[in-house]
Amino acid sequence: MFDRDIALIKKLYTFKGFFEATVDASVKTDEKKNRVELSILIEEKSPARIDTVRYKGLDNITVPLRKKYLEESKLERDSVFTVDHLIEERDRTVDFFKEYGYAFMHEDSIRIQVDTTGLLAGLQTNISLPKVLEYGSLQVVVHDPLAKDTAAVTPQPKNIRQDSIDIVQHGRQDISSELITNYTTYRPGDTTSLSLERKTLQNFGSTNVFSSVFIRKDSVREGKLYTSIHLEPKPKHLIEPKIYLDNRYGSLFAGASVGYENKNLFGGAENLKVTTDFGMQLSTSNDLLDNLDESLYAKYRPYEFAFSANVAKPELKNPGNMYAGTLEYSRSRLPILLDNQKGLFRLSYNAQLSKKSRLNFDFFELELVKKDSLDGFKELFKTDLAENIGVDPADPVAVDNSLDSLLQTNLNQTFRLQYFHSNQNDPLRETNETVYTWNITLEEVGGLVYLIDEYIDTKSYTGFTNDEPQIFGTPYSQFLKASGQFTFTQNITEQQQIAGRVFLGAMAPYGKADATPDERRFYAGGPNSMRGWAFNTLGPGGNKSEATATLGADIKIETNLEYRLKFFKLFGQPSGIAFFTDVGNIWDRNGPYALTLESLYKDIAWDAGIGLRVGSPIGPFRFDFAYKLYDPTQTEPWQLSDWNPGDFTFNFGIGEPF
C-alpha cells in the first residue's frame with residue numbers, strides 16, 4: 001500500500017513538470033512501542049519548461065481562423081510544463097473547432113506529442129479535422145409527458161412549418177410556434193456552431209416550462225447535419241401548500257399558504273402564480289405593551305393575511321427577458337395596536353444582462369396603505385412613541401396632529417431599479433469556489449404623482465395646505481431610497497461552511513414631503529437580522545423603546561457572519577449547528593438617534609450565539625440562541641461582565657438567514 005502511494009506521488013510530480021524530482025521513502029518499525037514511522041523526503045528540483053510549440057493539421061483552414069486558434073492557445077513557450085495545460089488545450093481545441101462547423105470534432109481527433117530533453121519539453125499538437133458541416137432540415141418535437149408519442153391517443157400530433165422549422169406537437173400541449181422559432185438560434189443552411197446549440201438549450205431552459213431539453217444529431221448527408229430538438233414540458237399546473245413557524249413578534253407565530261402556478265398560461269411560456277397565506281401568533285402575550293395599563297386595551301393575537309397574483313410574459317424577441325404584472329393585498333394586525341391594510345399594483349421589466357447578472361425595472365408601482373388604530377393606541381403613543389419621535393406627549397394638539405399624520409391613508413407611487421449579480425447558477429463555477437450575490441436597489445417614490453399634484457389636480461382640499469403632498473384628497477409619499485447587499489458562502493469541507501452578509505441602506509424625503517412612510521423604512525432585529533433582539537425591536541440608535549423600533553428608521557448598517565457545521569442527518573437531511581455573530585443597527589437622519597461618526601461606534605449593536613440546524617425538504621429548521629454582547633440601549637452597553645447563560649434571545653425560522 002505504501003509503495004503504491006509513493007508511486008502516485010512520483011506520478012503527480014511528473015504531471016506537474018518536475019521530471020527530475022526525487023521521492024525517497026523509509027519505514028522504521030519500533031516493535032516495543034508497536035509503532036511504525038513513515039518518512040517521505042521529496043526534492044522537487046526545477047520544473048521542466050516548454051521550449052517549442054508546434055501544430056500540425058491546420059493547412060486546410062483559412063488564415064484568419066488559424067490565426068485566431070493559435071492566439072488563444074493555452075500552451076506558451078517558456079511556461080512550466082504540466083499535464084493540466086495539455087488537457088486544457090485539448091478541450092479548448094475541441095470546443096473551438098465545433099464552433100466553426102466541425103461538428104464531429106472530438107478528443108480522439110487530437111494527439112499531443114511531448115519530447116523531453118532534461119528540463120526542456122517540446123510539444124507538437126497533431127489535429128485531424130473532420131469535414132465542415134452546415135445544418136440540414138431542422139425539426140422541433142414537443143413530446144407528451146403523459147403518454148408515449150407512438151401511442152394511439154387523441155388528439156393526433158399537430159404539424160406546423162414556420163421560419164424553416166418543422167414543429168411536431170404531441171398530446172394536448174399548447175406551445176407557441178412563435179416561442180419555438182424565436183428561442184431556436186440556428187436554421188438550416190447555417191454553419192454548425194456549438195455556441196448556437198448551447199444558446200438554444202439555455203433559451204428553452206429559461207422558460208421554466210420544460211423538464212427536459214436536448215438536441216439530437218440524427219444524420220449526416222452530403223455535408224449537412226440533420227438535427228432535432230426535443231422538448232418535454234413539465235406539468236402545466238402546480239399547487240403548493242406550505243406551513244411556516246417563527247417568532248417574529250416574540251411569541252410563536254404559525255401560518256400556512258397555498259400557491260397555484262400555471263407554467264404555460266397562453267402557450268408562450270407565460271407564468272401565472274397566485275398565492276394566499278394567513279398566519280397568527282398563537283398567544284396574546286405582547287412585550288411591546290408592557291408600559292400600558294391592561295385596562296386600556298383588549299388583548300388580541302397579531303395576525304397577517306396576504307394575497308398576491310403575478311403574471312410573467314417572456315419577451316420572445318429577446319430570450320431571457322420578460323414583462324411582469326403583480327397584484328397584491330395584505331392586512332395585518334400589528335402588536336403595537338395598529339391595523340394595516342395594503343393594496344399594490346406593479347408592472348415590471350426584467351432583463352438578463354449576462355449569465356450572472358439581471359436588471360429589473362419596476363416602471364409602474366402604485367401602493368395604497370391604510371392604517372387604523374385599536375383601543376389604547378393613543379395612550380401607547382404618549383407613553384412609548386411620542387418623545388422618541390420628537391413629540392411632546394403633554395401637548396394634546398401635537399399628539400393629535402402626529403396621530404393624524406401616522407394613521408392617514410397614504411399613496412406610494414414607485415419607480416424601482418434593481419441590479420442582481422451572482423455566480424450561484426454559473427455552470428463554469430468551480431465546486432469549491434465562493435458563491436456570492438450582489439443586490440443593489442434604487443427607488444424613487446412620488447415623482448409621478450407630484451406632477452399630477454402640481455399640474456393636473458390643482459384643487460384645494462379640506463385639511464391640506466398647498467405645501468402638503470396630496471392628490472384628490474389622498475396624501476402621497478416622496479422619498480429617495482438606496483440599498484445594497486452582498487452575501488457569500490464558502491465551503492471549507494463537505495460538512496463545513498462559512499457564510500456572511502453586508503447590508504447598507506439609506507432613504508430621505510424630498511419635494512413636499514418632510515418624512516418617510518414607516519411601511520417603507522428599514523428595520524433591525526429578528527431571525528434574519530440582528531438575532532440578539534426580537535423581530536423589529538432594535539433601534540433607532542440607542543432608543544430604549546421597542547415600540548418605537550417597530551416604526552423603523554431611514555438608515556441601516558448591518559453585517560452577519562456564520563460558521564455552519566453539519567455532522568449528522570435527521571430524516572435523511574444534513575443537520576448540525578451554526579455559530580454566528582451580527583453587528584448593526586438602524587438610525588434616523590436627524591434628531592437624538594441620528595447617524596453620526598460618534599453614534600456609529602456608540603450605537604452599533606453586537607450579538608453572538610449558537611444555533612441548531614435541523615434539515616428538512618423545505619430547508620433547515622433554525623433554532624438560534626443569541627446573546628447581546630454590546631447593547632446601545634443600556635447605560636452600560638457592554639454585556640460581557642454581566643453575562644448570564646439563560647439571558648438569551650431565541651429566534652426560530654425555516655431556511656438559512658441569508
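This is a predicted model, so every value here is computed, not measured.
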*Derivation and outcome, side chain to side chain contact (heavy atoms under 4.5 Å, CB included), residues V132 and Y102*: CA-CA 5 Å; V132 175; Y102 300 89; 3.3 Å; yes
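- The shortest distance between side-chain heavy atoms of T93 and M105 falls below 4.5 Å.
- With sequence neighbours left out, F488 forms a ring pair (Phe, Tyr, Trp, His ring centres under 6.0 Å) with no residue at all.
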*asked:* Let's go through S422 and W438 carefully: what are the C-alpha distance in whole Å and the side-chain angles of both, what is the deciding distance for side chain to side chain donor-acceptor pair (under 3.5 Å) to 0.1 Å, and is it a yes or a no?
replied: CA-CA 6 Å; S422 176; W438 286 96; over 6 Å; no
*Verdict with reasoning, N126 to R54, per side chain to side chain donor-acceptor pair (under 3.5 Å)*: CA-CA 9 Å; N126 301 301; R54 293 189 295 269; over 6 Å; no
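- Heavy-atom minimum distance, S211 versus P233: OG-O, 3.9 Å.
- Although no hydrogens or angles enter the test, the distance criterion places no donor-acceptor pair under 3.5 Å between the side chain of R416 and the main chain of T441.
- Minimum heavy-atom separation, N203 to P319: OD1-CB, 3.4 Å.
- With a 4.5 Å cut-off on side-chain heavy atoms, T489 and T434 do not count as touching.
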*Test I165 against R187 for side chain to side chain contact (heavy atoms under 4.5 Å, CB included), laying out the working first.*
CA-CA 8 Å; I165 300 176; R187 293 292 187 274; 3.6 Å; yes
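- How far NZ of K11 is from NZ of K16: 13.0 Å, rounded to the nearest 0.5 Å.
- Heavy atoms from other residues, nucleotides or ligands lying under 6.0 Å from NZ of K273 number 12 at most.
- Using a cut-off of 4.0 Å between Lys/Arg side-chain N and Asp/Glu carboxylate O, E89 and R92 are scored as salt-bridged.
- When atom types are taken as modelled, the side chain of N423 and the backbone of Y436 share a donor-acceptor pair closer than 3.5 angstrom.
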_Could you go through S193 and E99, starting from their C-alpha distance and side-chain angles, then the distance that decides it, and tell me whether this counts as side chain to side chain donor-acceptor pair (under 3.5 Å)?_
CA-CA 4 Å; S193 168; E99 179 64 19; 3.0 Å; yes
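- Side-chain contact between Y563 and I492 is present, with heavy atoms from C-beta onward closer than 4.5 Å.
- Heavy atoms from other residues, nucleotides or ligands lying under 6.0 Å from CG of D24 number more than 12.
- Rounding to the nearest 0.5 Å places CG of L86 at 6.0 Å from CG of L123.
- Under the 4.5 Å side-chain criterion, counting only non-hydrogen atoms from C-beta, R501 is in contact with Q485.
- Under 3.5 Å, the side chains of Y226 and Q139 contain no donor-acceptor pair of N or O atoms.
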*Could you give me the CA-CA distance, side-chain angles and deciding distance for E656 and E562, then say whether side chain to side chain contact (heavy atoms under 4.5 Å, CB included) is met?*
CA-CA 10 Å; E656 298 293 2; E562 281 196 354; 4.2 Å; yes
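- Side-chain atoms of T117 never come within 3.5 Å of backbone atoms of L120 as a donor-acceptor pair (strictly under, hydrogens ignored).
- Judged by a 6.0 Å distance limit and a 45° cone about the ring axis, R111 is not positioned over the six-membered ring of Y55.
- At least one donor-acceptor pair closer than 3.5 Å links the side chain of N321 to the backbone N or O of Q352.
- Rounding to the nearest 0.5 Å places CD1 of I127 at 4.5 Å from CG of L58.
- In this structure, F361 and F363 have tilted ring planes: the angle between them lies in the 30° to 60° band.
- Side-chain contact between F503 and N439: absent, with no pair of heavy atoms (C-beta onward) separated by less than 4.5 Å.
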*For the pair Y69 and F97, evaluate ring-ring contact (aromatic ring centres under 6.0 Å, His included) and give the outcome as yes or no after the intermediate values.*
CA-CA 9 Å; Y69 170 73; F97 286 105; 5.1 Å; yes
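- In this structure a side-chain-to-backbone donor-acceptor pair under 3.5 Å is missing from S39 to A25.
- Around the CD atom of Q490, the shell of radius 6.0 Å holds more than 12 heavy atoms that belong to other residues, nucleotides or ligands.
- For the pair H237 and E261, the minimum side-chain heavy-atom distance is 4.5 Å or more.
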*With side chain to side chain donor-acceptor pair (under 3.5 Å) as the test, would you mind laying out the steps for S616 and Q573 before giving the verdict?*
CA-CA 6 Å; S616 78; Q573 300 292 329; over 6 Å; no
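- We find the CZ-NE2 distance between R358 and H421 to be 13.5 Å, quoted to the nearest 0.5 Å.
- The pair R90-E88 fails the salt-bridge criterion, with no side-chain N (NZ, NE, NH1 or NH2) lying under 4.0 Å from an Asp/Glu carboxylate O.
- Here the closest non-hydrogen pair linking P314 and Y183 is CB-OH, 3.4 Å.
- Atom NZ of K74 has 12 or fewer heavy atoms from other residues, nucleotides or ligands within 6.0 Å.
- When all heavy atoms are compared, the tightest approach of I175 to V142 is CG1-CG1, 3.9 Å.
- Annotation: F568, atom CZ; neighbour count of heavy atoms from other residues, nucleotides and ligands within 6.0 Å is above 12.
- For the pair S164 (side chain) and P188 (backbone), a donor-acceptor distance under 3.5 Å is absent.
- A donor-acceptor pair is defined here as one N or O able to donate and one able to accept, closer than 3.5 Å; such a pair exists between the side chain of N182 and the backbone of E178.
- Side-chain contact between E76 and I50 is absent, with no heavy atoms from C-beta onward closer than 4.5 Å.
- Looking only at distances, no side-chain donor or acceptor of T559 sits under 3.5 Å from a matching main-chain atom of V502.
- Ion pairing of E270 with K313 is present here, as a side-chain N (NZ or NE/NH1/NH2) and a carboxylate O approach within less than 4.0 Å.
- Rounded to the nearest 0.5 angstrom, N208 CG and N264 CG are separated by 10.5 Å.
- Residues Y135 and T192 have side chains in contact (heavy-atom distance under 4.5 Å, counting atoms from C-beta outward).
- Applying the 6.0 Å contact sphere to NZ of K481 captures more than 12 heavy atoms from other residues, nucleotides or ligands.
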*Step by step, work out the side chain to side chain contact (heavy atoms under 4.5 Å, CB included) result for T200 and I229.*
CA-CA 9 Å; T200 297; I229 302 173; 3.9 Å; yes
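- T207 places a side-chain N or O within 3.5 Å of a backbone atom of F204 that can act as its donor or acceptor partner.
- Within 6.0 Å of NZ in K45 there are more than 12 heavy atoms belonging to other residues, nucleotides or ligands.
- Between R531 and D624 a salt bridge is recorded (basic side-chain N to carboxylate O distance below 4.0 Å).
- Here CD1 of I557 is found 6.0 Å from CG of L504. Values are rounded to the nearest 0.5 Å.
- Summarising the geometry of S354 relative to S357, their closest heavy-atom pair is OG-OG, 2.7 Å, with the distance given to 0.1 Å.
- For the pair K199 and E197, the salt-bridge criterion is not met [side-chain N within less than 4.0 Å of a carboxylate O].
- Aromatic ring pairs are classed by plane angle as parallel below 30°, tilted from 30° to 60° and perpendicular above 60°; the pair H143 and H170 is parallel.
- Shortest non-hydrogen contact noted between G57 and L129 is O-CD1, 3.9 Å.
- The cationic group of R49 does not satisfy the cation-pi geometry with F81, failing either the under 6.0 Å distance to the six-membered ring centre or the 45° limit from the ring axis.
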